[in-house]
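These notes concern the structure reproduced below.
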There are 2 protein chains.
Amino acid sequence: MSQKEGNYATEQRGRIRQNIIDAIAETMDLYGATHSSGQLYGIMFFEDRPMTLDEMKIRMNMSKSNMSYAVRSLVESQMVKKLEEKQERKELYAAEVDFFLAFQNFFTLKLQREINVMTESISKALPELTELILDQHISDQERNLALQDLYKLRHGQTYYEWLQQFVNALKRGEYFKDFSSPIDC
Amino acid sequence: MSQKEGNYATEQRGRIRQNIIDAIAETMDLYGATHSSGQLYGIMFFEDRPMTLDEMKIRMNMSKSNMSYAVRSLVESQMVKKLEEKQERKELYAAEVDFFLAFQNFFTLKLQREINVMTESISKALPELTELILDQHISDQERNLALQDLYKLRHGQTYYEWLQQFVNALKRGEYFKDFSSPIDC
DNA sequence: ATTAGTGTACAATATTTTTTGTACGGAATG
DNA sequence: CATTCCGTACAAAAAATATTGTACACTAAT
């Protein structure tokens, strides 16, 4: 009977966990993560010790190859950290369990990538557009159209300057002031 | 010759625009938008007047059916607004050209959805977990495992309370204080 | 009312993305 | 130094997603 009850508890805890894991996966889907990555993060979130690829493979019931791929994407978005030490030759991975840090890491990275892509392309476009506007051969109509585009890009530039400041503040933890993160450092 | 020069200008402007549009699409890819939606938003961003489905179809060289689908996803994420009035029976859509507002709309919506999904699932899980912990039949080991999960969920709850405040502040435009948005209202 | 024409649902198709299996380079072990 | 075994690259297969075509409901004009 004690055995039976033990199983009940384990199963019940498994069900409760799975609901949360599904919610996490659904949530991560929103930001472009694959469903598998989301599930994997959910599993690692509840696991209190670092995991190896083989463990993930078993828990996710998927190929090791795919786990390698999934965990890499999580490491890249800094939702998971690769540990320095190994366990019997196997590399160890641990989820970032502090949601505040996960938020900070994830959005800092994504927004910074956006800023880089957009500012680079705007920086290239602005002189080209200016050149076009200054060209004496083009018609007034063409010049006006080009000018409209120029204003749009200038607006974009202003926006990305703001976004850079926003990201910097996020990096510094400004927005977490009121709520203290479990890990204060 | 003036004709020829005019074509040059139009084509050059088209090339410059296309680079920016590609960058926008790449950027929106990061947040889970489809590539087509990203391209479509880019086109609409540069277009200064509202567009109809047929115009989109031509500009994107895609089926009207698909444009209907793509524009709906943009309207849902509030990157594009459906106008009240029609033009010769056709519905009109206009891009949100203010990047500050687009940011505000987009993230307010996505983060709020995340908050709703997660808080609902955490709210369901907490009493179940508490029930399990209070169960007199389970072993100490099981109880401790359930307790660990409980702490994780409580941490999640704290995080989502913070995130809700963050979203509220974003809605109120707190983070735009220093930079004034083109449309101040 | 009748007609014309728009937007969308839905099934079929095309394309992209994810997943797997396998093979191999390279690091840890003896 | 040889051997074992881990992690990943890569091609093939499977699954998911995006796109199209068609049909139809519904709105707007006649």
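Just so it is clear: chains get the letters A, B, ... in the order the sequence lines come, proteins before strands, and each one is counted from 1. When reading the values below, keep in mind they use all heavy atoms of this one structure, side chains included, and skip hydrogens, waters and symmetry mates.
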Does the side chain of T52(A) pick up a donor-acceptor pair with the side chain of Q87(A) at under 3.5 Å? no
E88(A) atom CD is separated from dG30(C) atom P, nearest whole Å, by 11 Å
Over all strands shown, is S63(B) touching base, sugar-phosphate only, or nothing at heavy-atom distances under 4.0 angstrom? base
Of the residues in residues 44-62 of chain B, which ones touch DNA chain D at a heavy-atom distance under 4.0 Å? M62(B)
Is a donor-acceptor contact shorter than 3.5 angstrom present between the side chain of S65(B) and the base of dA9(C)? yes
Just say parallel, tilted or perpendicular for the rings of Y41(B) and F99(B), cut-offs at 30° and 60°. tilted
In the 5' to 3' direction, the nucleotides of DNA chain D bounding the stretch that comes under 4.0 Å of a heavy atom in chain A are dT4(D) to dC10(D)
Give a yes-or-no answer on whether the side chains of N7(B) and E11(B) include a donor-acceptor pair shorter than 3.5 Å. no
Is it true that D149(A) and K152(A) have a side-chain N and a carboxylate O under 4.0 angstrom from each other? no
R15(A)/E128(B) ion pair, N-O < 4.0 Å: no
Grab the CD-C1' distance between E91(B) and dT6(C) for me, whole Å please. 8 Å
Parallel, tilted or perpendicular, as decided by the 30° and 60° cut-offs, for the rings of Y31(A) and F106(A): perpendicular
Under 3.5 Å, is there a donor-acceptor pair between the S65(A) and S68(A) side chains? no
I'd like to know whether Q18(B) forms a side chain to side chain donor-acceptor pair (under 3.5 Å) with D22(B), so could you lay out the CA-CA distance, the side-chain angles of the two residues, the decisive distance to 0.1 Å, and finally the verdict. CA-CA 6 Å; Q18(B) 193 54 51; D22(B) 288 343; 2.9 Å; yes
Between R89(A) and K82(B), whichever has its closest DNA chain C nucleotide further toward 5' is K82(B)
Atom-to-atom span, OH of Y69(B) to P of dT8(C) - whole angstrom: 13 Å
Reckon N66(A) has a side-chain N or O less than 4.0 Å from the OP1 or OP2 of dT18(C)? no
Aromatic plane relationship, Y175(B) with F166(A) - under 30° parallel, 30 to 60° tilted, over 60° perpendicular: perpendicular
Once you round it to whole Å, what is the distance between C1' of dG5(C) and NZ of K90(B)? 9 Å
Cut-off 3.5 Å, side chains only: do N168(A) and Q164(A) have a donor facing an acceptor? yes
Using C1' atoms of five pairs at each end, report the bend of the helix from dA1(C)-dT30(D) to dG30(C)-dC1(D) rounded to 10 degrees. 40°
Does a salt bridge link E114(B) with K110(B), judged by any charged N lying under 4.0 Å from a carboxylate O? no
Hey, which sits more toward the 5' end of DNA chain C by its nearest nucleotide, S37(A) or V71(B)? V71(B)
Rounding to a whole Å, what distance do you find between L40(A):CG and dT19(C):C1'? 14 Å
